[in-house]
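Okay, so here's the structure we're looking at.
FYI, side chains are in, hydrogens and waters are out, and symmetry mates aren't considered; it's all heavy atoms of this structure. From a predicted model like this one, the values you see are computed outputs, not experimental measurements.
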Amino acid sequence: MNRRQRRKFIPSTWIIATKQTKAHAYYALYAIDWKRGGRLSWEGWNQLEDLLQFRIPIKRKAGGRKSSSTPAVKIAKRALHLHLNEAQFEELEQLFYQPFSKNRWGTFLQMNRSQHVTK
């Protein structure tokens, strides 16, 4: 794989994580590129409608300057939806910022997967 291909980020798994607290829900969107070990995240929504209106910035070409955006509602159709408690959400955040390990990610997703939306 050359340098340009290594810099390219192609998400193969999208995760919408929901953390339910006593007062309200908290939503976060994660993207994982399994082949290159890349991860991106967008966090901070209190309502699912706000998350679905978010436009995800994705570069058109690796190393290019132009970028386009994809609405999160398109991503939500094929994303894994995880409903997590506070401890599970904290484990997800720690896993996200540690060195990439397919085994740890696979174990976490297998244990916490609630459903895969295919609508």
Residue pair Asn85, Lys19: steps toward the side-chain contact (heavy atoms from CB on, under 4.5 Å) verdict: CA-CA 6 Å; Asn85 60 29; Lys19 176 177 74 169; over 6 Å; no

Hey, mind stepping through Leu82 and Ile15 against side-chain contact (heavy atoms from CB on, under 4.5 Å) and telling me if it holds? CA-CA 7 Å; Leu82 301 179; Ile15 300 170; 3.6 Å; yes

Taking it one step at a time, do Ser101 and Phe108 satisfy side-chain contact (heavy atoms from CB on, under 4.5 Å)? CA-CA 11 Å; Ser101 168; Phe108 177 82; over 6 Å; no

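Under the 4.5 Å side-chain criterion, counting only non-hydrogen atoms from C-beta, Asp33 is not in contact with Arg39. Taking 4.5 Å as the limit, some side-chain heavy atom of Leu84 sits within range of a side-chain heavy atom of Leu92. Taking the side chain as every heavy atom from C-beta outward, Ile56 and Trp14 approach each other to under 4.5 Å.
Between Thr13 atom OG1 and Leu80 atom CG the span is 6.5 Å, to the nearest 0.5 Å.
Note: Tyr27 and Trp42 fail the aromatic proximity criterion, with ring centroids not under 6.0 Å apart. Between Trp45 and Phe54, the ring centre distance stays below 6.0 Å.
Residue-environment remark: CD (Gln110) stays at or below the threshold of 12 foreign heavy atoms within 6.0 Å. No more than 12 heavy atoms of other residues, nucleotides or ligands lie within 6.0 Å of CD in Glu90, so this atom counts as exposed by the packing criterion.
Put simply, Met111 and Tyr30 are part of two different groups of oily side chains (I, L, V, M, F, W, Y) that touch within less than 4.5 Å, one to the next.
Of the possible polar contacts, one joining the Tyr26 side chain to the Gly44 backbone as a donor-acceptor pair under 3.5 Å is found.
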